[in-house]
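A quick write-up on the structure given underneath.
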Amino acid sequence: MEKIWVQAVNDDFETIDTLAQQLNIDQSLAEVLVQRGIASFDAAKDYFRPDMTKLHDPFLMKDMDKAISRIDLALSNQEKIMIYGDYDVDGTTSVALTYSFFSQFTGNIEYYIPDRHKEGYGISTQGIDYAKQQGITLIIALDCGIKSVDKIDYANSLGVDFIICDHHLPGDELPAAIAVLDPKRLDCPYPFKELAGCGIGFKLAQAYSIQHQLPKAGYEQYLDLVMVSIGADIVPIEDENRILAYHGLVKLNTNPSMGLRALMKISGKNKDYTLTDVIFSLAPRINAAGRMDHANQAVKMLLCKEDDLALEQSEFINLQNTDRKTTDHTITTEALARIADCDILIHKKTTVIFHESWNKGVIGIVASRLTEKYFRPTIVLTLSNGLLTGSARSVPGFDLYEALLGCQDLLIQFGGHKFAAGLTMRPENIDAFADRFEQIVSSSITEDMLSPKIKIDTELQFTQIDGKFQRIISQMAPFGPHNPAPVFVSHGLSLAAKPQVVATKHLKLSIKQQNSVIFESIGFGLAEYEGLLQSNKPFSICYTIEENIWRDQRRLQLNIKGIKIN
């Protein structure tokens, strides 16, 4: 699907000029900053130099005092504690962080991850029963639990207390836990609402350390785990998330935890990690454990204290990721074929697709791939324990969670946020659900939302691009939601050499603009433009500027997002 180029408009020239002078940077870079709300020297200082001292007081979070008091009681009475978490990257890093931190103070602690295929998402009755059998009296749940009202009631009836650390949207009723830590609670005054689940676990460790006047190093040693969760869970890279991700990347690239170091080695890249590298290299491998087998394997790796064991565990997880890639490719191919063969599906505003044999662990990835292809809200379902379970993905601007709220009478449970969610329903409800979901989406989604876009920050002349320009851009990282890598547009370009197609679908170009230097460029998935570019007509590109590192040699490279022949 052809993407629409949308260039930002900023006419606050006075602010741009002032900021460019104060920071001694190129006017175009100042324009990018102003568009992102960074319009003063002090704001720029905070942005370019993320400071751990600017983290918010964890006791501003509703119920944090209750959580710490209950943990203190458990430790003083030598109660058995369970750390319970979801099976994805955010959940497993949350468990690894919280288990490792509190293991410093007690040996009466274990962790539990539900089996994706047998127990499903969130707090499970099986997990609570296991805790009761083991004499566990306190469960600290991470990255799940905010909607588990009935499960917490059941635990309370057995004398098992819960502290919930979640970051998903609550339902109408909060669970009756000892403490419910979730910045998205309507009554929570915590100033930043978009922490990842592992971020909530980090704040719990920070609060405990403050309460007991313990060194910051005791919880800051886990910053690399928090950063991995931030990248994998696609939370906004702003406020606390920017600080945590920035310092987490520093730790990953200088002194990573043993498990992550082993995973870096097995992935073939040992240094110079960006958040993008983490998202596409480390996160899928951690996720693969819970998708293909059991997420305990990921936690086991993240907790490793010996190099040999960490490497062995990471090799095992890497094999699972290879299997995951094969499985998700097969299911995606099947799903795309089924959509292409169905006129009714092709012309809808939504995709709801089901097959009873699809692997429950990869349907979220498949939903993402179908959304990329057809650019519309998408739900992929499979059969699990007699029920249909699914993963949903949305497009920018459309609130998926609100749409699912309108279908909740047809669902057993659902949870998530604007852009991604999970859901469960009875098999007999699928047709009614698909019709209702299509009706709700069609009545509220706009054609603009259904059109993929490339958002462009500003126009550049190639003569503006040099080493200093790129160094300023690199200091704007880490990039992600609410802080994407700047996208530029340049016009009147020509080829300096014949285009090269790489791996059948990518395009390597050598490009110049009038008398500028030549820039090496890569356009992923843009091989179709090879013939058009050889017409020798001038063309335009929109692109990001990157530093390409190959055999320790560094050079500027343009990563092309779109091409237009002038």
Side-chain angles (χ1 to χ4, degrees), residues 85-96 113 116-117 121 143 196-198 224-235 237 245 248-249 252-253 256-257 259-302 304 310-333 335 358-373 378 380 391 393 419-420 422 478-481 503 524-525:
D86 189 21
Y87 37 65
D88 66 1
V89 176
D90 194 15
T92 51
T93 53
S94 298
V95 167
I113 307 276
R116 181 194 293 259
H117 303 277
Y121 169 76
D143 193 33
C198 191
D224 50 357
L225 291 177
V226 182
M227 175 273 301
V228 170
S229 78
I230 287 169
D233 229 50
I234 324 178
V235 290
I237 310 298
L249 277 168
L252 187 78
N253 284 310
S257 63
L260 289 177
R261 183 188 292 126
L263 202 60
M264 292 161 73
K265 185 174 182 180
I266 213 77
S267 72
K269 181 179 170 72
N270 292 310
K271 59 181 181 178
D272 297 317
Y273 267 76
T274 65
L275 196 60
T276 302
D277 294 326
V278 170
I279 293 167
F280 289 103
S281 181
L282 301 186
R285 288 173 165 86
I286 297 171
N287 243 338
R291 293 188 187 282
M292 306 308 294
D293 184 16
H294 200 292
N296 278 342
Q297 301 290 350
V299 178
K300 186 178 175 183
M301 180 201 68
L302 293 171
C304 277
L311 194 57
E312 180 183 319
Q313 193 65 21
S314 65
E315 286 173 344
F316 176 72
I317 282 177
N318 196 52
L319 286 173
Q320 290 179 315
N321 190 51
T322 302
D323 291 343
R324 186 274 306 167
K325 285 192 279 190
T326 302
T327 304
D328 103 53
H329 175 75
T330 301
I331 296 174
T332 300
T333 302
W358 284 344
N359 186 310
K360 182 180 178 181
V362 302
I363 55 175
I365 300 173
V366 176
S368 294
R369 299 204 197 288
L370 298 185
T371 305
E372 287 172 16
K373 171 71 174 176
T378 298
V380 179
S391 285
R393 298 292 183 270
F419 300 118
F479 297 121
F524 293 104

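In this text the structure is predicted, and so the values were computed from the model without any measurement. This chain uses plain numbering: 1 for the first residue, then up along the sequence.
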- Determine yes or no for a side-chain-to-main-chain donor-acceptor pair under 3.5 angstrom, with D143 supplying the side chain and G85 the backbone. no
- Query: To the nearest 0.5 Å, how far apart are CE in M292 and CG in N321?
  - Reply: 9.5 Å
- Query: Taking all non-hydrogen atoms of both residues, which atom of F316 and which atom of D293 are closest, and how far apart?
  - Reply: CZ-OD2, 4.1 Å
- Give a yes or no on whether I279 atom CD1 has more than 12 heavy-atom contacts from other residues, nucleotides or ligands under 6.0 Å away. yes
Under 3.5 Å, which donor-acceptor pairs link side chains of residues 225-232 to any protein atom two or more places apart or in another chain?
residue, atom, partner, partner atom, Å
S229, OG, V226, O, 2.7

- Check T371, I365, V366 against R393 for a side chain to side chain contact (heavy atoms under 4.5 Å, CB included) and give me the one that passes. T371
- Message: Are V380 and W358 packed together at the side-chain level, in the sense that at least one heavy-atom pair is separated by less than 4.5 angstrom?
- Response: yes
- Does some side-chain heavy atom of I286 sit less than 4.5 Å from a side-chain heavy atom of M301? yes
- Is there side-chain contact between P481 and F419, with heavy atoms separated by less than 4.5 Å? no
- Message: Run the salt bridge (charged side-chain N to carboxylate O under 4.0 Å, His left out) test against K269 and tell me which residues pass, sequence neighbours left out.
- Response: D277
- Below 4.5 Å, heavy atoms only, C-beta onward: do L249 and V278 meet side chain to side chain? yes
- NZ/K373: more than 12 non-hydrogen atoms of other groups inside 6.0 Å: no
- Once you round to the nearest 0.5 Å, how far does CD of Q313 lie from CD of Q297? 5.0 Å
- Message: Is it true that, when you exclude E312 itself, more than 12 heavy atoms of the residues, nucleotides or ligands shown sit nearer than 6.0 Å to its CD?
- Response: no
- Message: Quick test of your reading of the model: are D328 and R291 salt-bridged, counting only N-O distances below 4.0 Å?
- Response: no
- Message: Is any side-chain heavy atom of Y273 closer than 4.5 Å to one of S281?
- Response: yes
- Query: Can you name the salt bridge (charged side-chain N to carboxylate O under 4.0 Å, His left out) partners of K271, sequence neighbours left out?
  - Reply: D552
- Report yes or no: does D90 contribute a side-chain atom to a donor-acceptor pair with the main-chain N or O of G197 at less than 3.5 Å? yes
- Euclidean distance, I363 CD1 relative to T378 OG1, rounded to 0.5 Å: 12.5 Å
- Task: Mind checking the NE2-CZ spacing from H294 to R116? Nearest 0.5 Å is all I need.
- Result: 11.0 Å
- Who are the ring pair (Phe, Tyr, Trp, His ring centres under 6.0 Å) partners of F524, not counting sequence neighbours? H506
- Would you please name every residue forming a side-chain hydrogen bond (donor to acceptor under 3.5 Å, both in side chains) with S314, sequence neighbours left out? none
- Message: If you define the side chain from C-beta out and look only at heavy atoms, does anything of L275 sit under 4.5 Å from F479?
- Response: no
- Message: Could you measure the distance from the CG atom of N318 to the CZ atom of R285? Nearest 0.5 Å is fine.
- Response: 4.5 Å
- Note on the structure: Here the gap from I113 atom CD1 to D88 atom CG, rounded to the nearest 0.5 Å, amounts to 9.0 Å
- Distance-only, no hydrogens or angles: does the S267 side chain make a donor-acceptor pair with backbone N or O of M264 under 3.5 Å? yes
- Task: Indicate yes or no: at least one non-hydrogen side-chain atom of L252 is less than 4.5 angstrom from one of L282.
- Result: yes
- Please identify each residue that fulfils side-chain hydrogen bond (donor to acceptor under 3.5 Å, both in side chains) with D233, with sequence neighbours left out. H167
- Query: Between V89 and T92, which heavy-atom pair has the shortest distance, and what is it?
  - Reply: O-OG1, 3.2 Å
